[in-house]
Number of protein chains: 2
Amino acid sequence: MSRPDLAKLGAVYAPYLNAIVLHGLATAQAVGLGPTDLYAVGTLAFNGRMTSGELAAKTGLTTGATTRLIDRLEEHGLVRRVTDPADRRRVLVEAVEDNDIELDAALAPAREQLGAVFADCSPAEIAVLTEHFERATPAFHEAIETIRDTR
Amino acid sequence: MSRPDLAKLGAVYAPYLNAIVLHGLATAQAVGLGPTDLYAVGTLAFNGRMTSGELAAKTGLTTGATTRLIDRLEEHGLVRRVTDPADRRRVLVEAVEDNDIELDAALAPAREQLGAVFADCSPAEIAVLTEHFERATPAFHEAIETIRDTR
DNA sequence: TTCATTATCTGCGTTGATGCAGATATCAGC
DNA sequence: GCTGATATCTGCATCAACGCAGATAATGAA
């Protein structure tokens, strides 16, 4: 923490994270979803199908609240319920690929703006950034778990 | 968009953003605030004092809702109201430095986890990351404005 | 079959965030 | 000192998200 190159990083990082979170909130609102709902859609898209219970764990909600969450997402056509043939108590939830929702449209501005930022990078820089993102993602998930457990 | 080095970046980036947003949500909940409230605290901390109206614009809330937002933050001891001596209609809102709230504690896990990620980086890599964060932050804010205007 | 366990859903109530419209205080120009 | 504009606040109503506890359905083992 005492390295001089980390000092500026520290100053820049918090506003950066803040902007990303705010962007998430604005995106959710634009699509007519709550922040948690939007997160859930993303999680399902990245991790593939998942049971209701697993989704509850990921989001930190109760199973009851998760049922309602899935209801909302289903109404929006973002998600589909599939009963697990192996264990019919379970409900598998999977992201709908071709959702005609404006989610894609809502993300377009960010794609464009960030695309411009990345376009100016050399391949070597892109490599550095990519590796960082790869490593930071599980770090955040670790932190999330710690936060929840600490309460 | 067709550069080969950008392909992997694209796959890694969305889950990365997702994790950051979720971390923001979890942090807010741990502190007993709503996501918007937490964002507002950050904005005030980074940008310094700000009028109620400016904060309304930043958050995308109505002025009425912003008044309540400031009320909540004040109750949590995170923020202070100061009437503008130059224009006494205005209320300047400023972040309280030594808030005894658990906000710092809630951010600790992330600091630790991310600190480890950054610690493994060379100064050159840190420089690349720092510059990226610096450029990405306004890019997100641009995207946010576009999203809001498009609705 | 019967019982305990597990996964999800439902009914009910609560809480909190927000919008809207009108109230209040202040400012700026005449 | 008026008058219109501006900044914030307040009252009221609404709506959505959530927790909790009990209901339902399916599984697995005795």
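The sequence lines fix the lettering, A, B, ..., with proteins before strands; numbering per chain opens at 1. The figures here come from the full heavy-atom set of this structure, side chains too, leaving out hydrogens, waters and symmetry mates.
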Colleague: Are A:R89 and C:dC9 close enough that a side-chain N or O sits under 4.0 Å from OP1 or OP2?
Modeller: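 False: A:R89 side-chain N/O out of range (4.0 Å or more) of C:dC9 OP1/OP2.
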Colleague: Whole angstroms only, please: what is the CD1-C1' distance between A:I70 and C:dA7?
Modeller: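 Interatomic distance, CD1 of A:I70 to C1' of C:dA7: 11 Å.
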Colleague: Starting at atom CG of B:D84, determine the distance to atom C1' of D:dT6, rounded to an integer number of angstrom.
Modeller: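 After rounding, the reported distance stands at 13 Å.
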Colleague: How many Å lie between CD on A:E54 and P on C:dA7, as a whole number?
Modeller: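 Atom CD in A:E54 sits about 10 Å away from atom P in C:dA7.
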Colleague: Taking the six-membered ring for Trp and the single ring otherwise, decide whether the centroids of B:H23 and A:Y39 are under 6.0 Å apart.
Modeller: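 Not under 6.0 Å, so no.
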Colleague: In B/S/- notation, 5' to 3', how is nucleotides 10-19 of chain C contacted by protein heavy atoms closer than 4.0 Å?
Modeller: BBB----SBB
Colleague: Is B:R88 close enough to D:dA7 that one of its side-chain N or O atoms is under 4.0 Å from OP1 or OP2 there?
Modeller: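 Answer no for this pair, as no side-chain N or O of B:R88 is under 4.0 Å from OP1 or OP2.
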Colleague: With a 4.5 Å cut-off on side-chain heavy atoms, are A:I126 and A:F118 touching?
Modeller: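 They are in side-chain contact.
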Colleague: Is it true that atom CD of B:E125 has more than 12 heavy atoms of other residues, nucleotides or ligands lying nearer than 6.0 Å?
Modeller: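 Atom CD in B:E125 is packed in, count exceeds 12.
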Colleague: From CG of B:D87 over to C1' of D:dT8, roughly how many Å is that when rounded to an integer?
Modeller: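 Taking atom C1' of D:dT8 as the reference, CG of B:D87 is at 11 Å.
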Colleague: Please give, in whole Å, the distance from D:dT24 C1' to A:R90 CZ?
Modeller: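 Atom-to-atom, A:R90 to D:dT24, this comes out as 18 Å.
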Colleague: Contact between A:L33 and A:L73 at the side-chain level, heavy atoms closer than 4.5 Å - yes or no?
Modeller: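 SC-SC contact between A:L33 and A:L73 confirmed.
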Colleague: Checking the side chain of B:E94 only, and the main-chain atoms of B:L44 only, is there a donor and an acceptor separated by less than 3.5 Å?
Modeller: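 No; zero donor-acceptor contacts below 3.5 Å.
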Colleague: Rounded to whole Å, please give me the gap between CZ in B:R81 and P in D:dT8.
Modeller: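 B:R81 atom CZ is separated from D:dT8 atom P by 10 Å.
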Colleague: Is a side-chain N or O of A:R111 found less than 3.5 angstrom from the main chain of A:D104, in a donor-acceptor match?
Modeller: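 Such a contact is found between A:R111 side chain and A:D104 backbone.
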